[in-house]
Amino acid sequence: MGLESLFKESGFFTTTIDALVAWSRKSSVWPMPMGISCCAIEMMAVADPKYDIARFGSEVMRFTPRQCDLMIVAGTVTYKMAPVVRKIYDQMPEPKWVIAMGACTATGGIYRTYSVVQGIDQFVPVDLYLAGCPPRPDNLLNALIAIQDKIGRTKAADFKNAELPELNEIQNN
Amino acid sequence: MISADSLSQKLINQFPETNFDISEYRGEITIQFPKKIVIDLCKFLKYDSELEFLLCEDITAIDWAKRKERFTVVYHLYSFKNNLRLRFKTNIDESEQSGGKAGYSIDSVTSVWQAANWQERETYDMYGINFKGHPDLRRMYMPEDFEYYPLRKDFPLMGIPGSIPLPKK
């Protein structure tokens, strides 16, 4: 199981800092539950004993963006809600990832109307689009595994030149 | 129990100079009335000891688009005493507003039913009907600085592009 299987007799192994950091990051992804509508019910089901997101190290759903690495946007995002989602995204510390959960979040879904944003990628960068209306909990687990794969491939250099948003810019949004 | 006939008789006795159009369909009574008596009529319906329509269930509107009297405002009431639902409605046309600006308006009934507060705000938000005398006529669903009325027939389904700004990516 896990890291200890790599130990030989001496208890030493060699690796790169990038690999170690990426491995620890991907093994403890803390999600921000941006539960807006019915997809949030499926997201809650993921945390229960039947599906058990704790198996993947992500059971710590933090209700403050300051402690999160992954925002799961679960539900229909209206134009009125969009600044709120963006503000919470801006408050999350780097590095961070976003799952657009469900048809509404990814494309507007059945709500092809004036009040619903037709895809949240118009105002936040999205790492993974999760199909379904709503997606089943195992589908969300699959998305989490895919995000873990993505995090596992990152290197420290990927975040070197990341721009920090200006404070007043966040406040204006 | 109050029937449509006795209700219309009571209304005619109370408002002798007013034309009502009272119809009954499957036990539901509908009254069409001129808009200038709206508050007097609501007070009568609520406080009359035989009627007691205490609950204002809904206030909404209909946009007829091409009619001269463009909007119909619809009120739904319920009387616990008689276990009776009542629908009454009035047509409004474009009338002179304060400040010389034309618009659609009707008197607010918030002084009769507190429940009318949010229902009138919603109707204002969606149809742009001004309820005169409303204590706090702000938008209900749409952003405060939104300039259009989404449920009007001339509003496009996908909205006006750029009318609600999105945050920068």
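Note that these values count all heavy atoms, side chains included, but never hydrogens, waters or copies made by symmetry. Naming: A, B, ... by sequence-line order, numbering from 1 per chain.
- With rounding to the nearest 0.5 angstrom, the CG atom of Leu166(B) is 11.0 Å from the CZ atom of Arg86(A).
- Only the backbone of Tyr141(B) comes within contact range of chain A, with heavy atoms under 4.5 Å apart.
- Counted within 6.0 Å of NZ on Lys81(B), heavy atoms from surrounding residues, nucleotides or ligands total more than 12; the atom is thus considered enclosed.
- Atom OH in Tyr114(A) sits 11.0 Å away from atom OG in Ser163(B) (nearest 0.5 Å).
- Nearest heavy atom pair, residue Met158(B) against residue Thr113(A), reads SD-N, 3.6 Å.
- Nearest heavy-atom pair across Pro83(A) and Pro167(B) is CA-CG, 3.7 Å.
- The shortest distance between side-chain heavy atoms of Lys80(A) and Met142(B) does not fall below 4.5 Å.
- Clustering ILVMFWY residues whenever any of their side-chain heavy atoms sit less than 4.5 angstrom apart, transitively, puts Ile151(A) in the very cluster that holds Ile72(A).
- Residue Val85(A) does not touch chain B at all, counting heavy-atom pairs closer than 4.5 Å.
- A continuous path of hydrophobic side-chain contacts links Ile120(A) to Ile88(A) [ILVMFWY only; heavy atoms under 4.5 Å].
- Within 6.0 Å of atom CD1 in Ile17(A), 12 or fewer heavy atoms from other residues, nucleotides or ligands are found, so the atom counts as exposed in its surroundings.
- Tyr104(B) and Ile62(B) fall into different hydrophobic clusters, where Ile, Leu, Val, Met, Phe, Trp and Tyr are joined by side-chain heavy atoms under 4.5 Å apart, directly or via other members.
- Grouping the Ile, Leu, Val, Met, Phe, Trp and Tyr side chains by contacts below 4.5 angstrom, directly or via other members, places Trp30(A) apart from Ile53(A).
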